[in-house]
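Have a look at the structure below, then the notes.
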Amino acid sequence: CADVTGVQTCALPIYEEWIKHIYLFNKSFMEKSCFLVYSLEKKIEFKLHIGKYDIKVMGKLDKVLRYKNYLMVIDYKTGEIHLDFSKCEYGLNLQLPFYLYLLSKENPNYLFAGAFLEHLLPNKPYTYDGKSTLIEKINNEYVLNGLMTSDETLLSQMNASYASNKYIKAYSKSKLDQSKTLNEKEFKSLINFVSSLVNKALEEITSGAFYIRPLNFNKESCCAYCKNDGICYHKAKDEYRVFKKGNLKDILNGGNTNE
């Protein structure tokens, strides 16, 4: 192609090889799973009646797998992944919970096995450490990371090798990572929690309530990165919302607050 530059010509074979690795990893995952592909690039949209407005809410899900009435969501990422579900109550890191909310709106009878991010490209070059091969390092990029069921029988149906962390980051220090596992009741509570955040955000938008209320993480002010700093009356010293480290289950049980 005449539009392909010299740099792109060099990069294309590398990306072709990388795509092969991605394909082989996902093929291997599916061979060890009872879940089958339910949808790809699934678009869900609906309207919420807020005050005098009908507001369209929509989203697109990269991949949804299904086993019986259980669904698991996979979203592909090329950038860095930072998962901290304790920030959900501040409206951050809500992508995966929001996908579950969308699916529940489509069909309230759905049950959920998990929602994951899959990292596709490395953020930095690999270095030799003598502990793992290049292929092992590459495959580790693709390991699913996110929220999952606490039911180990269902986890084994998601992937027979779940306990090895080869396909799903399920274990931490030889036991299930409790910060990422939810039972059926907690999944429902999470969806209700997201629903309340969505409704609150839409109510504030429709009423013109655009509050300036920056959040302070570990003594670092988000104001430092704001492009409107020059015309904003709000300064870092005025911050009143301070991030309180907790966990998702505390939030779902009402044990943490962002006020």
Side-chain angles (χ1 to χ4, degrees), residues 39 41-62 64 71 73 75-77 79-108 110 112 115-117 146-147 182 186-218 220-259:
S39 66
E41 294 290 324
K42 183 179 183 65
K43 184 178 180 180
I44 299 176
E45 62 179 69
F46 54 89
K47 288 186 178 180
L48 288 178
H49 186 73
I50 305 294
K52 59 181 180 180
Y53 301 98
D54 287 320
I55 300 175
K56 181 188 291 186
V57 179
M58 61 180 291
K60 184 181 288 186
L61 291 66
D62 286 346
V64 180
L71 301 182
V73 179
D75 187 71
Y76 297 115
K77 292 294 181 188
E80 286 191 64
I81 293 176
H82 300 287
L83 284 179
D84 185 353
F85 294 109
S86 67
K87 296 178 180 178
C88 285
E89 65 174 322
Y90 300 96
L92 303 173
N93 286 358
L94 273 176
Q95 183 179 15
L96 294 178
F98 183 71
Y99 286 159
L100 300 180
Y101 164 73
L102 289 177
L103 286 166
S104 71
K105 281 291 188 179
E106 181 183 64
N107 187 337
Y110 285 149
F112 297 104
F116 303 94
L117 298 178
L147 294 168
L182 300 175
E186 288 168 335
F187 269 114
K188 291 179 180 178
S189 295
L190 175 61
I191 291 166
N192 290 334
F193 179 73
V194 174
S195 177
S196 66
L197 289 180
V198 170
N199 288 338
K200 180 181 178 181
L202 294 179
E203 288 168 0
E204 291 182 351
I205 291 171
T206 55
S207 64
F210 294 96
Y211 303 113
I212 299 174
R213 47 186 182 187
L215 188 62
N216 190 356
F217 287 101
N218 298 323
E220 182 180 9
S221 169
C222 59
C223 289
Y225 306 100
C226 181
K227 295 180 180 179
N228 299 310
D229 181 63
I231 60 173
C232 180
Y233 69 86
H234 199 287
K235 302 301 178 185
K237 64 181 178 61
D238 299 323
E239 289 174 358
Y240 64 88
R241 289 201 308 162
V242 178
F243 172 63
K244 298 178 182 178
K245 182 68 174 179
N247 62 64
L248 183 58
K249 294 190 179 186
D250 285 341
I251 296 169
L252 298 180
N253 292 325
N256 204 17
T257 176
N258 62 16
E259 295 300 328

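Just so it is clear, the model here is predicted, and its values are computed rather than measured.
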Main-chain N/O of D84 paired to N93 side chain as donor or acceptor, under 3.5 Å: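 Between the backbone of D84 and the side chain of N93 there is a qualifying donor-acceptor contact (under 3.5 Å).
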
Nearest 0.5 Å, please: how far is [atom2] in [Y] from [atom1] in [X]?
| X | Y | atom1 | atom2 | value |
| --- | --- | --- | --- | --- |
| S195 | L190 | OG | CG | 11.0 Å |
| Q95 | L100 | CD | CG | 11.0 Å |
| K60 | E41 | NZ | CD | 5.5 Å |
| Y101 | L197 | OH | CG | 10.0 Å |

Closest heavy-atom contact between [X] and [Y]?
| X | Y | result |
| --- | --- | --- |
| F116 | L96 | O-CD2, 3.7 Å |
| E45 | K43 | OE1-CE, 3.1 Å |
| I191 | S104 | CG2-OG, 3.2 Å |
| V64 | L61 | CG2-CD2, 3.8 Å |
| P97 | V194 | CB-CG2, 3.6 Å |
| F98 | M58 | CE2-O, 4.1 Å |

With F193 via ring pair (Phe, Tyr, Trp, His ring centres under 6.0 Å) - residues at least two apart: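 Here no residue qualifies.
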
Heavy atoms from other residues, nucleotides or ligands near OH of Y76 exceed 12 (cutoff 6.0 Å):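 Yes, because the 6.0 Å sphere around OH of Y76 holds more than 12 heavy atoms from other groups.
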
Result of checking L147, L182, L103 against F112 for side-chain contact (heavy atoms from CB on, under 4.5 Å):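 Looking at L147, L182, L103, the match for F112 under the side-chain contact (heavy atoms from CB on, under 4.5 Å) is L103.
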
Test applied, side-chain contact (heavy atoms from CB on, under 4.5 Å); reference residue, Y99; option that passes from L94, D75, L71: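 Exactly one pass, corresponding to D75.
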
Test side chain to side chain contact (heavy atoms under 4.5 Å, CB included) applied to V57 and L202, step by step: CA-CA 10 Å; V57 179; L202 294 179; 4.2 Å; yes

Verdict with supporting geometry, L48 and K105, side chain to side chain contact (heavy atoms under 4.5 Å, CB included): CA-CA 11 Å; L48 288 178; K105 281 291 188 179; 4.0 Å; yes

Residues in salt bridge (Lys or Arg N to Asp or Glu O under 4.0 Å) contact with K42, at least two apart in sequence or another chain: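 By the salt bridge (Lys or Arg N to Asp or Glu O under 4.0 Å) rule, K42 matches E106.
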
